[in-house]
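Here is the naming used below: chain letters follow the sequence lines, and residue numbers restart at 1 for every chain.
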Amino acid sequence: MPQHLTVRDFDLGCTLESGQFFRWDKADGVYRVTRGEFTFRVWQEGERLYYTDVPAAFIRYFFSLDHDLPAVACSIDRDPFMREVLRRYWGLRLLRQDPWECTAAFVTSIASNIPRITRNVEDMARAFGREVPCGGQVARQFPRPVQMGGERELRRLRLGFRARYLHDAARLAQAGLLDEIAGLPSHEARETLMVIPGVAEKVADCVLLFAYGHLGAFPVDTWIRKAMIRIYFGGRPTTDLRIRRFAEQYFGRYAGYAQQYLYMYARQNWEEIEGRGSFDRDSATAMPGINPRVAVPGVP
DNA sequence: GGCCAGGTCCAAT
DNA sequence: ATTGGACATGGC
């Protein structure tokens, strides 16, 4: 028997399908999700969010229903372009993932793509994870660090060069590294994450954003890089560090939300971005009630 | 076939 | 501090 919650400013589909989380599938409008020890089904009809098998508090937590999305949107709505992106994917929220699962997933994501990441992560769950019932079928939890296979076994699952990273990450997680990070300020959390082999700037930022609630983190991947250069850097290539610095300042404390909306937009509308030309930042700073003065790298 | 994929690491400037 | 290649595998 499903329970339900009344939700506003929430879009389940956008949220799950935006590429931040991989452990879901969809059949007849119903999503089946496994996060940590919880496996559940969830679907949305307008402002009603239906779910099974888990407490309401978990649903509210995992889907970040406590985030004040209108306030977040207001804060990152710095220009007409962002306004349009926000409108198009309204209701997309950043999830609260399990730190270990998120770390493993984004180490797996290195030089890969969403279909393959999803398959790799499912393979690891099937090979090493615990079996749990869900809606008459069986699901597999993602393995805890102790349950992860060795490098050899991971290579057999076609993880390639990521196999060694994953094995080392599991070892460090087992030693408690990820537990220390909760509660650290974001810079220190980032440095600590980067101790893990296979975790450098980009993956660390993903974990900060998707698991530790550092909503100002701004992961720069190939899509975000292309989109940011095209839209905010006049098409002139620049470094990931400059893109990140600019975004953190331009979008402010919820830059990570801007990143996820941008990522979704860039993936689904690349042609549109290519055709649109770069964004005129002077008009952005001149918009009433918005962002009085921002530093714009490369533009006097 | 070659190139690129939600990058990172290491060596050589 | 920055830059080029290697790293496994898969899809176009």
Side-chain angles (χ1 to χ4, degrees), chain A residues 14-24 85 89 92 94-95 97 99 101-124 127 149-172 177 190-212 214-215 217-231 236-245 247 255-271 273-274 297-298:
Chain A
C14 281
T15 298
L16 285 176
E17 297 185 28
S18 68
Q20 57 179 315
F21 178 73
F22 305 98
R23 302 228 56 209
W24 57 270
V85 175
Y89 300 106
L92 165 54
L94 260 5
L95 295 166
Q97 300 184 222
E101 292 183 357
C102 187
T103 302
F106 282 92
V107 166
T108 303
S109 81
I110 297 173
S112 189
N113 53 73
I114 289 179
R116 177 146 85 123
I117 299 163
T118 305
R119 206 183 65 232
N120 286 156
V121 169
E122 289 313 304
D123 285 347
M124 287 188 274
E151 179 178 345
R152 196 49 54 87
E153 295 167 273
L154 290 165
R155 278 185 190 273
R156 256 181 257 125
L157 297 181
R158 329 247 60 174
L159 268 301
F161 60 82
R162 304 163 195 81
R164 182 158 44 85
Y165 296 157
L166 257 354
H167 174 67
D168 290 344
R171 202 168 32 71
L172 289 171
L177 188 77
R190 194 167 191 265
E191 294 301 312
T192 307
L193 280 168
M194 287 172 61
V195 166
I196 301 169
V199 179
E201 272 94 358
K202 191 271 176 182
V203 171
D205 286 337
C206 285
V207 178
L208 288 178
L209 182 60
F210 301 143
Y212 288 105
H214 288 102
L215 303 182
F218 194 90
V220 179
D221 68 12
T222 53
W223 287 95
I224 289 293
R225 183 185 309 121
K226 288 196 296 184
M228 290 295 288
I229 287 171
R230 191 95 194 82
I231 297 157
R236 293 182 299 277
T238 184
T239 64
D240 292 353
L241 178 62
R242 282 189 211 187
I243 293 170
R244 203 180 97 230
R245 288 269 122 93
Y257 257 99
Q259 186 274 165
Q260 202 55 27
Y261 274 81
L262 245 18
Y263 179 78
M264 185 78 168
Y265 179 82
R267 245 195 341 142
Q268 294 192 356
N269 311 283
W270 183 244
E271 316 69 28
I273 294 180
E274 285 217 291

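- In this entry the distance linking CZ of Arg190(A) with C1' of dT8(B) reads 13 Å, nearest Å.
- Nearest-nucleotide assignment on DNA chain B puts the 5′-proximal partner with Phe22(A), out of Ile196(A) and Phe22(A).
- Rounding to whole angstrom units, CG of residue Leu241(A) and P of dG7(B) are separated by 17 Å.
- For dG6(B) and dT2(C), the P atoms lie 26 Å apart once the distance is rounded to whole Å.
- Spacing between dC3(B) and dG4(C) at atom P, rounded to whole Å, works out to 16 Å.
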Strictly under 3.5 Å: I want the nitrogen or oxygen pairs between protein and nucleotides 9-12 of chain C, one per line.
residue	atom	partner	partner atom	Å
dT9(C)	O2	Arg116(A)	NH2	2.8

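- When the C1' atom is compared between dT8(B) and dG11(C), the two are found 22 Å apart, to the nearest whole Å.
- Atom CZ of Arg152(A) is separated from atom C1' of dA8(C) by 14 Å (rounded to the nearest Å).
- Among residues two or more places apart in sequence or in another chain, the side chain to side chain donor-acceptor pair (under 3.5 Å) test is passed with Glu153(A) by none.
- Using a 4.0 Å heavy-atom criterion, one finds that Val107(A) contacts no nucleic acid atom at all.
- You can call Tyr263(A) stacked on the base of dG6(B); the centres are under 5.5 Å apart and the planes sit within 30°.
- Along DNA chain B, the nucleotide nearest Pro197(A) and the nucleotide nearest Ile114(A) are compared for position; the residue whose nucleotide lies closer to the 5' end is Ile114(A).
- Under the side-chain hydrogen bond (donor to acceptor under 3.5 Å, both in side chains) rule, Arg23(A) has a single partner from Gln97(A), Glu101(A), Glu122(A), which is Glu122(A).
- Using bins of under 30°, 30° to 60° and over 60° for the plane-to-plane angle, the ring pair Phe106(A)/Phe22(A) lands in the tilted bin.
- Ring geometry, Tyr165(A) versus Phe161(A): the interplanar angle exceeds 60°, so the pair is classed perpendicular (tilted spans 30 to 60°).
- By the 4.0 Å N-to-carboxylate-O rule, Arg171(A) lies close enough to Asp168(A) to be salt-bridged with it.
- Atom NZ in Lys202(A) sits about 11 Å away from atom C1' in dA5(B), given to the nearest Å.
- Taking the centre of each ring, Tyr263(A) and Phe218(A) stay at or above the 6.0 Å mark.
- At the phosphate of dG7(B), OP1 or OP2 sits under 4.0 Å from a side-chain N or O atom of Thr222(A).
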